[in-house]
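We're numbering straight along the sequence, starting at 1. Read the numbers this way: they start at 1 and go in the same order the structure lists the ligands and their atoms. These values consider heavy atoms only, across backbone and side chains, with no hydrogens, waters or symmetry-generated copies.
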Amino acid sequence: MTKKRPLEIILCAPRGFCAGVDRAIQIVELALEKYGAPVYVRHEIVHNKYVVDGLREKGAVFVEELDEIPDTDAPVIFSAHGVPKSVPANAKERKMFYLDATCPLVSKVHVEAQRHFDEGKEIVLIGHAGHPEVIGTMGQLPDGAITLIETVEDAEKFEPKSPDDLAFVTQTTLSVDDTAAIVAALQKRFPSISAPHKEDICYATTNRQEAVKQVAPHVDAMVVVGAPNSSNSMRLVEVADRAGCPKSGLIQRASDIVWSDFEGVNKLGISAGASAPEELVNEIIEKFGEHYEITVSTKVTAEENIAFNVPRELRA
Ligand code: SF4
């Protein structure tokens, strides 16, 4: 038998599930337990196929819009990313029983945007066009009330109607560094722009990026366990690249590993996006263990102890 080549794995911590994702999954599971199948879920509850497939097997039915749901007494759950105001309004009109799994940290951004609007401010949202969270946040206010800014160039070109009465909010899962550059560009042009009281980029995004930033310069490659439609997973890959890691990429499942990509890699960093369960991290580590003589250590850069309550209807 040929001897396996050694591979040192450094696990980034924190990684993987955040409190908002954990709560959203619990909401679907508790709803299935309490009300039985089917339970309808608008949009992927969290951006992870493994999680979505597991819930589908238990009886969750995933749809993109409410009009795909027949008239029903079954619960309808809104995903962790948040929804435009028109969605609960439509659910009410249709007398649907709905449960909102929007992460409380996304709801906090919705409340902020509403407050700025009520104060008569013009609002800028820093985020990625088309992401469900951005659609949800923009949909808290009438069309045209929020301008989306995605880049520093957008910030430099932005022509507000009320330059002295501006406020900004952000998507929760952005790159901390990119966002700081966009905010700096806005503040340079509009010094009186109101900022969030407390950072909109959430603790989970910030902590996962910081862990990757600290590990990435010391490894030959970085694997981020997560899905391509998961904003915070994609940002972790970018953070690893920028921190000087020669190779970094997303892996959804162990079966996706392309072994030739790891030729010459002696030290491997592993992290996981906020919607990626630890089972998938373990599955990937095991797979590396079949091919290499692995040693695994963990680099802890922050401790997390945040948990969010599920809606009242689902509490025991
Ligand atoms: S990544 Fe942040 S905002 Fe998104 S669900 Fe998790 S805690 Fe909430």
Colleague: Please list the nearest protein heavy atom to atom 8 (Fe) of ligand 1 with its residue and the distance rounded to 0.1 Å.
Modeller: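 Scanning the protein heavy atoms, the shortest distance from atom 8 (Fe) of ligand 1 goes to C103 SG, 2.3 Å.
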Colleague: Does any N, O or S atom of C202, backbone or side chain, fall under 2.8 Å from atom 2 (Fe) of ligand 1?
Modeller: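 Under 2.8 Å: C202 contacts atom 2 (Fe) of ligand 1 through an N, O or S atom.
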Colleague: In the protein, which heavy atom is nearest to atom 3 (S) of ligand 1, and how far is it?
Modeller: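 Answer, as residue, atom name and distance: T172 OG1, 3.3 Å.
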Colleague: Which label fits H131 and H47: parallel for a plane angle under 30°, tilted from 30 to 60°, or perpendicular past 60°?
Modeller: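 Ring orientation of H131 relative to H47: perpendicular.
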Colleague: Check whether any side-chain heavy atom of Q252 sits under 4.5 Å from a side-chain heavy atom of Y50, and report yes or no.
Modeller: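 A side-chain contact under 4.5 Å is absent here.
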Colleague: What about the rings of Y35 and F97, do their centers lie closer together than 6.0 Å?
Modeller: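 Centroid distance Y35-F97: below 6.0 Å, so yes.
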Colleague: By number and element, which atoms of ligand 1 are closer than 4.0 Å to a non-hydrogen atom of C18?
Modeller: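 Near C18, the atoms of ligand 1 are 1 (S), 5 (S), 6 (Fe), 7 (S).
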Colleague: Go through the steps for K108 and D200 under the test salt bridge (charged side-chain N to carboxylate O under 4.0 Å, His left out), then give the verdict.
Modeller: CA-CA 8 Å; K108 163 191 161 278; D200 286 339; 2.9 Å; yes
